[in-house]
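Inspection log for the structure reproduced underneath, given as structure tokens.
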Number of protein chains: 4
Amino acid sequence: MSSVAARRIAGNTHRRAPEIIEAAARVFAERGYHGASTQAIADVLGIRQASLYYYFASKEEALEQVCMMGGEGFVERAVAIAAGPGAAVDKVRALIHAHLSPLLDRRDFVLVFLRERHHLPDESRRRVGRLARRLERIFQEVLEAGVRAGEFPAELDCRLATLALLGMCNAAPGWYGKEPGATVERIAAEFGRLAVDGLRGETR
Amino acid sequence: MSSVAARRIAGNTHRRAPEIIEAAARVFAERGYHGASTQAIADVLGIRQASLYYYFASKEEALEQVCMMGGEGFVERAVAIAAGPGAAVDKVRALIHAHLSPLLDRRDFVLVFLRERHHLPDESRRRVGRLARRLERIFQEVLEAGVRAGEFPAELDCRLATLALLGMCNAAPGWYGKEPGATVERIAAEFGRLAVDGLRGETR
Amino acid sequence: MSSVAARRIAGNTHRRAPEIIEAAARVFAERGYHGASTQAIADVLGIRQASLYYYFASKEEALEQVCMMGGEGFVERAVAIAAGPGAAVDKVRALIHAHLSPLLDRRDFVLVFLRERHHLPDESRRRVGRLARRLERIFQEVLEAGVRAGEFPAELDCRLATLALLGMCNAAPGWYGKEPGATVERIAAEFGRLAVDGLRGETR
Amino acid sequence: MSSVAARRIAGNTHRRAPEIIEAAARVFAERGYHGASTQAIADVLGIRQASLYYYFASKEEALEQVCMMGGEGFVERAVAIAAGPGAAVDKVRALIHAHLSPLLDRRDFVLVFLRERHHLPDESRRRVGRLARRLERIFQEVLEAGVRAGEFPAELDCRLATLALLGMCNAAPGWYGKEPGATVERIAAEFGRLAVDGLRGETR
DNA sequence: CATGAATGAGCATTCATTCAT
DNA sequence: GATGAATGAATGCTCATTCAT
């Protein structure tokens with residue numbers, strides 16, 4: 001690694017770095033990683049394609065940075081909610097709300113994290129994939145605690161319920177912004193109710 | 001027009017055509033449309049790259065065929081269920097079951113339909129996209145009928161609920177096969193219960 | 001590795017392969033490996049640059065092929081000479097002659113072997129480098145045998161003498177063809193005499 | 001003209017100039033001119049790539065400076081030896097010694113002069129090439145004088161013998177430092193003997 | 001049916017170089 | 001003296017596609 005690259009990773013002192021990585025996120029989100037050319041990213045920024053390489057060492061590294069920003073915070077917020085006091089139903093509502101909130105300011109990053117992270121090279125894919133698995137586990141543990149507390153029926157398949165919840169939430173970045181009237185608050189409220197009622201399961 | 005071209009346009013009387021398109025589906029599902037090279041498809045089949053062009057005129061056409069097969073049947077099955085007799089809750093369960101059933105034998109096709117269809121050229125993308133929108137509408141109409149029938153609370157946001165249901169179901173092709181014990185029947189049963197209970201909403 | 005590439009290496013059934021690799025040898029010899037563009041090689045052949053990649057998988061692989069052809073035969077011929085009967089002085093003359101003879105029909109290949117092989121990636125560089133070291137050893141052993149037989153003085157530094165002989169010979173590809181009247185036979189004869197007399201060393 | 005440019009042209013009053021050019025020599029020697037990036041030179045020095053341009057106007061100019069330093073002195077020393085008194089055999093020994101002595105403190109420069117000078121642009125290549133040709137001529141004239149003096153046999157091909165001597169000597173920078181025990185003095189002594197005895201040619 | 005050979009277009013990346021600070 | 005930022009030009013390489021056989 002050249003000394004320039006070394007410093008870049010260590011510090012990221014580049015003034016325009018955030019702007020550049022946001023452009024990458026936008027283009028990756030729109031066209032997918034392999035469908036996105038570095039030229040397209042440069043066009044968004046109004047700079048030459050070669051100039052991008054002043055900011056990242058490779059397209060793959062740019063994807064990794066976008067994915068990291070798309071994935072970060074989820075686990076922390078979820079941990080805080082799960083570890084806090086309160087009933088499982090309240091935690092589920094809070095988890096859903098927290099999970100949807102990055103839609104507001106980081107939709108592209110989240111979308112890329114969800115859809116494109118498996119195109120990362122092995123090592124960073126695993127690193128980034130761990131985030132997703134930890135998040136799943138937290139959701140699932142909250143559900144399991146809810147079952148133990150008698151808030152949810154004993155027959156609940158917590159694994160499938162977790163996948164249902166995450167599927168529901170993770171689809172949102174795909175249509176958010178195209179559904180008139182669907183603010184993050186409204187989505188979180190409605191999804192929270194659907195989830196809680198579905199999990200309680202009067203049917204059983 | 002040569003007889004070869006004629007046959008191709010007429011629509012796939014080639015002996016190995018199903019085998020070929022399945023290979024394409026597999027590779028598109030694994031690597032994404034732009035990440036998949038025609039070479040990779042040929043490797044799966046054990047033939048030369050150039051030979052693929054005996055079966056489809058372009059990579060885009062292959063994607064279109066995969067997407068058509070991935071999307072077909074959904075609307076028909078959903079229409080039959082929605083038009084039939086019975087309560088809304090039963091219809092919702094049936095819709096979910098019908099929506100998940102192609103996982104068994106067409107997972108790759110469905111995955112490609114869900115994830116890669118927006119890489120199609122304009123015209124065929126719209127054609128294929130119509131399928132998705134019609135399906136959404138059917139789901140939503142069943143929910144609205146359920147509200148009118150008093151099965152679901154009047155406050156239910158049928159649009160968001162539809163998106164929740166589809167999000168939950170459409171995530172399944174992404175993890176189906178990796179979750180031990182999760183058969184289509186079990187998933188459909190659990191998701192059906194979650195959905196119905198969530199929609200009924202004892203909370204409200 | 002794609003199946004196409006696999007077959008290529010295994011069999012090399014390509015009709016024009018020798019022609020292509022000879023063009024690479026010429027351009028590498030003229031401009032050095034890093035100074036040679038694949039475009040320049042294509043120009044020599046009158047084909048498009050991309051078409052080269054039908055014949056080799058990478059520029060590095062082309063260099064390796066050229067180096068292999070530039071280095072092959074030397075060891076075999078030297079072994080045959082060293083193992084044969086006869087006096088050391090005769091063997092030295094024969095070794096020199098054998099070492100110079102590829103000038104006639106493979107000057108570019110030998111030049112590339114001598115000058116550019118250290119630009120090969122680690123593994124193939126070592127493989128190719130072994131050839132050179134084996135050759136050195138054979139030369140040196142013949143000299144040592146000559147010392148033991150009393151043909152050369154005991155004070156002869158066989159290591160340095162080997163390096164002297166090879167240096168003298170290996171410079172020839174650099175000027176062969178530019179020195180009027182210097183045929184391979186004449187060079188071999190003169191260099192043989194210089195070597196033998198130098199080694200015998202009446203001075204000592 | 002700015003004073004900075006003036007100084008640069010005038011010729012290197014920069015404090016760190018010797019250090020910079022030595023780094024260039026080292027990198028050129030290791031990787032070849034085209035294989036060496038200016039970044040690699042900067043890395044050796046611990047400065048930024050752009051800062052190099054304070055010391056030379058272009059990579060080609062750096063090569064020229066290295067080549068000049070690698071080639072200078074040879075002709076002067078050779079002229080002094082050839083013009084001096086003494087027998088041809090002594091002059092040959094002295095020429096070889098003088099030719100090898102820069103190995104001690106300028107190996108990289110000499111190596112670059114020998115191997116990379118043909119990558120110079122036309123004009124400076126010719127300038128630098130003249131040095132080499134003059135040196136050859138001096139060697140050859142000493143040999144021819146030796147023949148006329150009866151020190152060497154009349155049949156000696158002085159041209160080929162010159163090329164043999166220079167080939168032998170010019171290979172040394174390639175392996176000097178890797179052969180344990182091979183000091184410049186020992187190499188010069190051994191090569192001198194080999195050369196003188198070879199030239200005298202008891203065989204003839 | 002299938003393939004060997006070839007190609008045009010595009011792509012990520014490198015690199016020497018410039019210049020305001 | 002030295003650097004951060006940027007660039008133009010090239011470079012090695014990939015890939016979908018064509019076509020004669």
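Lettering follows sequence order; numbering is per chain, from 1.
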Atom CZ of A:Phe56 and atom P of E:dT14 are separated, to the nearest Å, by 12 Å

Sugar-phosphate, base or nothing in reach of D:Ser51, heavy atoms under 4.0 Å = base

Closer to the 5' end of DNA chain F via nearest nucleotide, is it B:Tyr33 or C:Thr38?
-> C:Thr38

Atom CG of C:Asp43 and atom P of E:dT7: how far apart are they, to the nearest Å?
-> 12 Å

Do any side-chain nitrogens or oxygens of A:Arg16 fall under 4.0 Å of OP1 or OP2 in F:dA5?
-> no

Mind running salt bridge (charged side-chain N to carboxylate O under 4.0 Å, His left out) on B:Arg125 and B:Glu64 for me, showing each step along the way?
-> CA-CA 8 Å; B:Arg125 187 178 64 247; B:Glu64 192 179 347; over 6 Å; no

Provide, to the nearest angstrom, the distance between the CD atom belonging to B:Glu60 and the P atom belonging to F:dC15.
-> 17 Å

Confirm from the modelled atom types if A:Gln39 and E:dG10 form a donor-acceptor pair under 3.5 Å, side chain to base only.
-> no

Polar side-chain atom of C:Glu116 near backbone of C:Tyr33 as donor-acceptor pair, under 3.5 Å | yes

Watson-Crick or G-U wobble partner for E:dG4, using a 3.5 Å limit on both distances?
-> F:dC19

Atom-to-atom span, NE2 of D:His34 to P of E:dC15 - whole angstrom | 12 Å

Minimum-distance nucleotide (side-chain atoms of C:Tyr53 versus F:dT14, F:dT3, F:dT7) = F:dT14

Go through F:dT7, F:dC15, F:dG12 for me and flag the one nearest to the A:Arg48 side chain.
-> F:dT7

Value in whole Å for how far the C1' atom of F:dG12 lies from CD of C:Glu61 | 14 Å

Mind calculating the distance between CZ (B:Arg31) and C1' (F:dT14) to the nearest angstrom?
-> 13 Å

For B:Lys59 and F:dT18, what is the distance between atoms NZ and P respectively, to the nearest whole Å?
-> 14 Å

Quick one: on DNA chain E, does B:Leu52 or A:Ser58 contact a more 5' nucleotide (nearest heavy atom)?
-> B:Leu52

Presence of A:His14 side-chain N/O under 4.0 Å of F:dG4 phosphate oxygens OP1/OP2 = no

Between the base of F:dC15 and the side chain of B:Gln49, is there any donor-acceptor pair under 3.5 Å?
-> no

Measure from the side-chain N and O atoms of D:Gln39 to the backbone N and O of D:Gln49, and report whether any donor-acceptor pair falls under 3.5 Å.
-> no

Compare the minimum distances between each of E:dT7, F:dT7, E:dA12 and the side chain of A:Ile47, then state the nucleotide with the smallest one.
-> F:dT7

Return no unless some side-chain N or O of C:Arg15 is found under 4.0 Å from OP1 or OP2 of E:dG4.
-> no

Answer yes or no: is there a donor N or O on one side and an acceptor on the other, between the side chain of B:Arg117 and the main chain of B:Phe113, under 3.5 Å?
-> yes

Could A:Arg106 and A:Phe109 be counted as a cation-pi pair, given that NZ or CZ must be under 6.0 Å from the ring centre and within 45° of the axis?
-> no

Between B:Ala50 and D:Gly46, just flag the one whose closest nucleotide in DNA chain F comes earlier from the 5' side.
-> D:Gly46

Which part of the nucleic acid, if any, lies within reach of D:Ala42 when heavy atoms closer than 4.0 Å are counted: base, sugar-phosphate only, or nothing?
-> nothing

Could you work out which one of F:dG4, E:dT7, F:dG12 sits closest to the side chain of A:Tyr54?
-> F:dG4

In whole angstroms, the gap separating P of F:dT7 from CD1 of A:Ile20 amounts to 10 Å

For D:Ala36, which contact category applies under a 4.0 Å heavy-atom criterion: base, sugar-phosphate, or nothing?
-> sugar-phosphate

Answer yes or no: are there more than 12 heavy-atom neighbours, outside B:Arg107 itself, under 6.0 Å from its atom CZ?
-> yes

